[in-house]
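For reference, the structure is listed below as C-alpha cells.
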Amino acid sequence: MNLSRIRRSSTAGLLPPFLLTSQTRARSSSLVRALVLVPALAFGVACSRPPASSVPANVVLSETQSTRGMVVSASAIASNAGRDVLAAGGNAVDAAIATGLALAVTYPTAGNIGGGGFMVIRFPDGRTTTLDFREMAPAASSPNMFVDSTGAYSASRHHNTHIAVGVPGTVAGFALAHSKYGSREWKSLVEPAVRLAVDGFVIPEGLAGSLRGTRNKLARYPASLAAYYKNGEPYAAGDRLILSDLGRTLERIRDNGRDGFYTGETARLIVAEMERGGGLITAKDLAGYQAKERPAVRGTYRGFEIISMPPPSSGGVAMIQMLNILEGYDLKSAGHNSPRYIHLVTESMRRAFRDRAQHIGDPDFVKPPVDKLTSKAYATELRKTIDENRASVSRATELVADYESDETTHYSVVDANGMAVSVTYTLEAGYGLGAVVAGAGFLLNNEMGDFNGKPGLTDSTGLIGTAANVARPGKRMVSSMTPAIVAKDGKLVVVTGSPGGRTIINTVLQVVLNVTEFGMPIDSAVAAARIHHQWLPDRLSIEGDGVPASTVSALEAMGHTVRMGGRQGTAHSIHVDSRGVRTGGPDKRDRDAGAAKQ
Ligand code: GLY
C-alpha cells in the first residue's frame with residue numbers, strides 16, 4: 001500500500017511521551033511494570049456488601065466496586081464530588097457535571113472551564129447521544145493566522161500566544177447537558193466546585209509535583225503565578241490551595257448558568273485578558289458559542305456495541321475502523337501483546353491514522369466519510385493490504401500530522417440506574433496556554449494548536465496542510481479525544497476514555513480489546529502496557545518495558561521500528577458485570593486518581 005508520511009514536530013517542550021530522557025524512561029518503566037503486576041491485588045480489599053437484590057448476598061464488594069453509582073477521575077477529590085451528587089439522588093449526567101467542575105479546581109492540568117471537550121451518554125434503555133463542546137475559532141480567525149509577518153509558519157503563534165486560545169466550550173456543554181438530561185438543580189451541581197475553590201482543598205502529591213514542574217510556564221503570566229504559587233514558590237503536598245478568583249467565577253456560573261461565563265463580568269474579564277495578551281476572542285464570540293448535540297458514532301466488535309464521539313473528534317471513527325480490521329483475526333490465539341498481536345494491531349493503527357489525517361475535520365465545515373470509514377466492507381478491503389508477517393511502510397506524501405498535546409483528562413460515571421457518561425475534556429497542553437484570566441481565576445486553553453498550521457504547508461517539522469482542518473471563523477479543530485462506551489446484549493459493559501493526543505485513540509482501543517477480547521478485569525485492562533503507532537512517524541512505541549526483549553526482536557524482524565519507554569494515557573474507566581456490579585478502574589498512572597462509589 002502507498003502510505004503517506006506524517007512527521008511530528010520536534011519543537012522543544014512539545015515532545016511526545018516516548019521522547020523522554022533515559023532517566024525519566026527508567027522511572028516510567030518501573031511504574032508501568034508495577035501497574036501491570038499489582039492490579040489484581042486491589043480486588044482483595046473487601047469492604048462492603050452489595051445493596052442490590054440482583055447480586056447474591058454472599059458476594060463481597062471491594063472498595064472500588066458498587067451496585068449503585070461509580071465515578072472515576074484523575075482527582076479523587078473530584079470523584080467524591082460526583083459521588084456525593086449521585087448519593088443525593090442525581091443521575092450520571094448530574095454527577096458528570098459536578099465532577100467536571102470540581103476537576104476545574106482540583107486538577108488544573110486539564111480539568112477546566114476555559115477549555116472544551118466531549119460527552120458521550122448511554123441511557124439505561126440503550127439509547128445514546130453525544131454533546132460536542134469543543135472550542136470554536138473566534139470570528140477573526142483565518143487559515144493563515146499562524147504565519148508571521150514574513151509569511152512563515154510560527155509554532156509560537158500556533159501554540160504559545162493568546163491567538164492560540166479557542167472560544168471555551170465546557171460551561172456551555174455542561175449547561176446543555178443539564179438542560180437536556182440533568183435531574184438536579186444546576187446550583188447544586190456547581191456548588192461543590194465553588195466550595196473547593198473558596199474554602200480550598202488539600203494539595204495531593206501529584207498536583208504538588210505537577211505545579212513544581214510547570215512553574216516556568218505559568219510564571220510567564222502574573223495572574224497564574226499569583227493563583228497557583230505561594231509568594232512565587234511552589235506549594236507542598238498537604239498545603240491548602242484557595243482559588244478565590246476562580247471561586248467567584250464559579251459562583252457567577254452557579255447563579256447565572258452559561259450566562260455567568262459567556263456574558264457579564266466573566267466575559268468582560270476574558271475580553272480584557274484578550275486585549276492585554278493580543279488574543280482574538282470578542283464579547284460577540286463568547287455570546288455566540290454553541291455546544292452541539294450529535295448522534296454517537298457506532299460500531300460492533302464480536303457482538304459488543306461500541307459507542308463513541310463522532311467528528312470533530314477523530315477518535316470514535318478511528319477506533320471503530322481499527323476494531324473492524326482486527327475482527328478478522330484470531331487475536332485470542334495470538335495472545336495479548338504477543339508479536340503477532342502487536343503486529344496486527346499496529347497495522348490497523350497505521351491504516352486508521354492515515355485515513356484520519358486525510359479526512360477528519362469539523363462536520364459543520366467538511367463532510368468526513370464516516371459511514372465508509374466505519375464500515376465492515378472497508379475494513380475487509382484494508383485487511384487485504386496487511387501482510388501478516390511483514391510491516392507495511394508508511395510513505396510521505398503531502399499529508400503530515402502536526403502536534404497534539406498529551407494533556408487532557410478523562411472521567412467515567414455510572415449511576416444506580418445504569419445511565420453511563422463518558423467525558424474527555426481538555427485545555428490542550430498541560431495547564432493550556434498557562435495563562436490564568438486575570439480576575440477570573442481560570443486557565444485558558446491553547447486548543448487552536450489542533451488546527452493545521454498553514455494551508456498547503458507540509459514540511460519536515462510535522463505540519464499538515466490539508467483543507468479539512470485549517471482554521472476558519474466558528475470552526476472546531478480536529479480532536480483525538482475518544483470518550484467511549486461498550487455494551488453487549490443491551491447491557492452496559494465499559495465506560496472508558498483517555499488523554500494523550502493521538503495516543504488517546506490507541507489507548508482506548510486497547511482498553512476495549514483487553515476487556516472484550518481478553519476478558520481482563522478492568523484494573524488489569526487499564527494497567528496493561530500499551531502500544532502506539534500513528535502511521536507516521538513510522539514507529540511502533542511500546543509503553544514502559546511492557547513486553548520481553550524476545551517480542552521486540554520478533555517485531556523488528558518483521559520490519560517494525562520499535563521504541564520502548566514512556567507512559568501512554570490515563571484511562572479512568574468503569575466496568576459493569578452481568579450482575580450489575582460496577583468496578584471502578586482508576587488508572588494509577590495519574591497519582592491523584594480515585595474511584596468513588598455510591
Ligand atoms: N487536544 C487534544 C485533542 O483534542 O485530541
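When a ligand or atom number is given, it counts from 1 through the structure's own listing order.
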>> I'd like to know whether the aromatic ring centres of H158 and Y153 sit less than 6.0 Å apart in this structure.
In response: yes
> Side chain or backbone of E447 under 4.0 Å from ligand 1, or both, or neither, by non-hydrogen atoms?
Replying inline: side chain
> Side chain or backbone of E135 under 4.0 Å from ligand 1, or both, or neither, by non-hydrogen atoms?
Replying inline: neither
> Based purely on interatomic distance, does S480 place a nitrogen or oxygen under 3.5 Å from a nitrogen or oxygen of ligand 1?
Replying inline: yes
> Which ligand 1 atoms, with their elements, are less than 4.0 angstrom from a heavy-atom of R134?
Replying inline: 4 (O)
>> Contact between ligand 1 and M477 is defined here as a heavy atom of the residue under 4.0 Å from a ligand atom; is it met?
In response: no
> Of F118, F261, Y289, F174, which is the lone residue that meets ring-ring contact (aromatic ring centres under 6.0 Å, His included) with F133?
Replying inline: F174
> Which heavy-atom pair separates M322 from N506 by the least distance, and what is that distance?
Replying inline: CE-OD1, 3.3 Å
> Would you say the side-chain atoms of R589 pair up with the backbone N or O of A527, donor to acceptor, closer than 3.5 Å?
Replying inline: yes
>> For E273 and Y221, which I'm curious about, is there any donor-acceptor pair between the side chains at under 3.5 Å?
In response: no
>> Closer than 4.0 Å to some heavy atom of E428 - which atoms of ligand 1 meet that?
In response: 1 (N), 2 (C)
